[in-house]
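Step one of this worksheet: look at the structure below.
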Amino acid sequence: MKVAIAGATGFVGSRLVEKLQAAGHQVVVLSRDAAKAGRVFPASAYPNLEVVAYTPAESGDWLHSIAGCDGVVNLAGVPIAEERWTAARQQAILDSRKLTTAKLVEAIVNANPKPSVFVSASAIGYYGTSETAEFDENSPAGNDFLATVCKDWEAAAQPAKNAAAQPAKNTGTRLAILRLGIVLGMGGALAKMLPPFKLFAGGPIGTGKQWFSWVHREDVVDLILYALQNPQVEGVLNATAPNPVRMNELCQTLGQVLNRPSWLPVPSFALELLLGDGAKVVLEGQKVLPKQTLASGFQYQYPTLKLALEEILTGN
């Protein structure tokens, strides 16, 4: 395959590029910073990779790089929970997803030949938060900020598929939208939780009762590859492990794997002081089940939290 990827230098994207390269596929990396992408993916190690500089929210020559690609993967978006949610930050969170997706769709619709599949990320923030409800791919959207972002993000991807109904713009492009949970791997969210545990000061964040719908990074990457390669995979799939846990269980399991105690809670106000509204990502959760993902035939390498944490932290 030849696959174009936006967001290729991120936590999930970089591993996706590695696996595509190892399997002998060609990769087109769409990057706002071509020099950085060149350092992340040096030509000596990635001979089948091309870096294309792009401005995500603007049309340009980069749009032509989509023509001839078999698939397009959209993982672009500024981090959700790394800064306080000022009005400017909220706008950046929305624009980096909605506008980039719209431009990728524009490239797909106008490409000749056209990609056969568009895999576009979304997030489980789509469902809103709850300590009691259970969500799957058919559940309605929530009404908070992140739910609104996800709705706009997903709506921007839809024309890649809908254009197939217009003969003059027939894309024939299959659309798969993956709603990502909290991705666990060596880095990302887990990297921020490890230091307190290693100092014997780890514990649940907030009440500990909130749901934590997680997924191992390898399973996310494998699901993207599965969506690229299997024509029956389309529509919305939850990219979450089939066994979500509450925060208390996450921290207990993390303590067990690290052989450290997990009794010292992190108070909500401490996280709110640091992140403002962005703390909601961790302090409020949702129980999300990947019903459509399992129904598609996808098989998880790491369906349980202990299995995932043992692999990430001990290599077993």
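Heavy-atom basis, side chains included; hydrogens, waters and symmetry copies ignored. Residue numbers start at 1 and run along the sequence shown. Because the structure is a prediction, the values reported are computed rather than measured.
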Mind running side-chain contact (heavy atoms from CB on, under 4.5 Å) on Ile66 and Asn110 for me, showing each step along the way? CA-CA 9 Å; Ile66 300 300; Asn110 291 308; over 6 Å; no

Let's go through Ser14 and Arg217 carefully: what are the C-alpha distance in whole Å and the side-chain angles of both, what is the deciding distance for side-chain contact (heavy atoms from CB on, under 4.5 Å) to 0.1 Å, and is it a yes or a no? CA-CA 11 Å; Ser14 57; Arg217 181 170 69 157; 4.0 Å; yes

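- Of the N and O atoms on the side chains of Ser59 and Lys103, at least one donor lies less than 3.5 Å from an acceptor on the other residue.
- For Lys36, the NZ atom counts as loosely surrounded, since its 6.0 Å shell holds 12 or fewer non-hydrogen atoms of other residues, nucleotides or ligands.
- For the pair Arg97 (side chain) and Val78 (backbone), a donor-acceptor distance under 3.5 Å is present.
- At least one side-chain heavy atom of Leu184 sits less than 4.5 Å from a side-chain heavy atom of Phe212.
- From Ser122, atom OG reaches atom CG of Asn74 across 10.0 Å, with rounding to the nearest 0.5 Å.
- You'll find the side chain of Tyr226 reaches within 4.5 Å of the side chain of Ser296, heavy atoms only.
- Taking a cutoff of 4.0 Å between a charged side-chain nitrogen and a carboxylate oxygen, Glu249 and Arg246 do not qualify as a salt bridge.
- Between Leu20 and Leu225 there is a side-chain heavy-atom pair separated by less than 4.5 Å.
- The distance from the CG atom of Leu258 to the CG atom of Leu309 is 8.0 Å, given to the nearest 0.5 Å.
- Under the 4.5 Å side-chain criterion, counting only non-hydrogen atoms from C-beta, Gln292 is in contact with Asn138.
- Interatomic distance, Leu104 CG to Leu99 CG, rounded to the nearest 0.5 Å: 11.0 Å.
- Gln301 and His216 share no donor-acceptor pair across their side chains, judged by distance under 3.5 Å alone.
- In plain terms, the two heavy atoms of Ile93 and Ile80 that are nearest each other are CG2-CD1, 3.5 Å.
- A donor atom on one side chain and an acceptor atom on the other are found under 3.5 Å apart for Asn238 and Tyr127.
- Within the 3.5 Å criterion, the main-chain N or O of Thr240 finds no donor-acceptor partner in the side chain of Arg179.
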What verdict does the side-chain contact (heavy atoms from CB on, under 4.5 Å) test give for Leu190 and Leu313, after you've listed the backbone C-alpha separation in whole Å, the side-chain angles of each residue and the deciding distance to 0.1 Å? CA-CA 10 Å; Leu190 189 60; Leu313 299 173; 4.3 Å; yes

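- A donor-acceptor distance shorter than 3.5 angstrom exists from the side chain of Asn243 to the backbone of Pro303, with no hydrogens or angles considered.
- A donor-acceptor pair is defined here as one N or O able to donate and one able to accept, closer than 3.5 Å; such a pair exists between the side chain of Asp70 and the backbone of Lys2.
- In this structure the side chain of Phe135 never reaches within 4.5 angstrom of the side chain of Ile124, judged on heavy atoms.
- In terms of hydrophobic clustering, with Ile, Leu, Val, Met, Phe, Trp and Tyr side chains grouped at heavy-atom distances under 4.5 Å, Val12 and Leu237 are assigned to a common cluster.
- Of all the heavy atoms in Ala111 and Pro115, the pair that sits closest is CB-CD, 4.1 Å.
- Across all non-hydrogen atoms, the minimal contact from Cys69 to Ala4 is SG-CB, 3.9 Å.
- Looking at Gln256, its side chain never comes within 3.5 Å of a backbone N or O of Leu254 through a donor-acceptor pair.
- Considering every non-hydrogen atom in both Ala227 and Val119, the closest pair reads CB-CG2, 3.9 Å.
- Of the inter-residue distances, the one linking Ile5 atom CD1 with Leu30 atom CG reads 8.5 Å to the nearest 0.5 angstrom.
- The line from OG1 of Thr100 to CZ of Arg32 is 7.5 Å long, rounded to the nearest 0.5 Å.
- Checked options Ile177, Val105, Thr101; the residue passing with Gln158 is Ile177 (criterion: side-chain contact (heavy atoms from CB on, under 4.5 Å)).
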Passes side-chain contact (heavy atoms from CB on, under 4.5 Å), Phe41 versus Thr9? Steps please. CA-CA 9 Å; Phe41 306 117; Thr9 59; 3.9 Å; yes

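- Within 6.0 Å of NZ on Lys287 lie more than 12 heavy atoms contributed by other residues, nucleotides or ligands.
- Without hydrogens or angle criteria, Ser130 side chain to Thr132 main chain gives a donor-acceptor distance under 3.5 Å.
- Under a hydrophobic clustering in which Ile, Leu, Val, Met, Phe, Trp and Tyr are joined whenever their side-chain heavy atoms come within less than 4.5 Å, directly or via other members, Val233 and Leu16 fall into the same cluster.
- Side-chain atoms of Leu223 and Val215, non-hydrogen and from C-beta on, never get closer than 4.5 Å to each other.
- No side-chain heavy atom of Thr129 sits under 4.5 Å from any side-chain heavy atom of Leu146.
- By the neighbour-count criterion of 12 heavy atoms within 6.0 Å, atom CD of Gln232 is densely surrounded, having more than that number from other residues, nucleotides or ligands.
- Listed for the Trp214 side chain is no donor-acceptor partner under 3.5 Å among the backbone atoms of Thr304.
- Note that the OG1 atom of Thr148 and the CG atom of Leu94 stand 9.0 Å from one another [nearest 0.5 Å].
- Here the closest non-hydrogen pair linking Leu289 and Pro242 is CD2-O, 3.9 Å.
- Residues Glu218 and Arg15 have side chains in contact (heavy-atom distance under 4.5 Å, counting atoms from C-beta outward).
- A donor-acceptor contact shorter than 3.5 Å is absent between the side chain of Tyr46 and the backbone of Val27.
- Looking at every heavy atom in both residues, Val51 comes nearest to Ser31 through CG1-CB, 4.5 Å.
- Although no hydrogens or angles enter the test, the distance criterion places a donor-acceptor pair under 3.5 Å between the side chain of Arg174 and the main chain of Asn230.
- A donor-acceptor pair is defined here as one N or O able to donate and one able to accept, closer than 3.5 Å; no such pair exists between the side chain of Trp211 and the backbone of Ala133.
- By the rule that hydrophobic residues join a cluster once side-chain heavy atoms approach within less than 4.5 Å of another member, Phe11 and Trp153 end up as members of separate clusters.
- Only one option out of Glu137, Gln286, Lys151 pairs with Tyr126 in a side-chain contact (heavy atoms from CB on, under 4.5 Å); it is Lys151.
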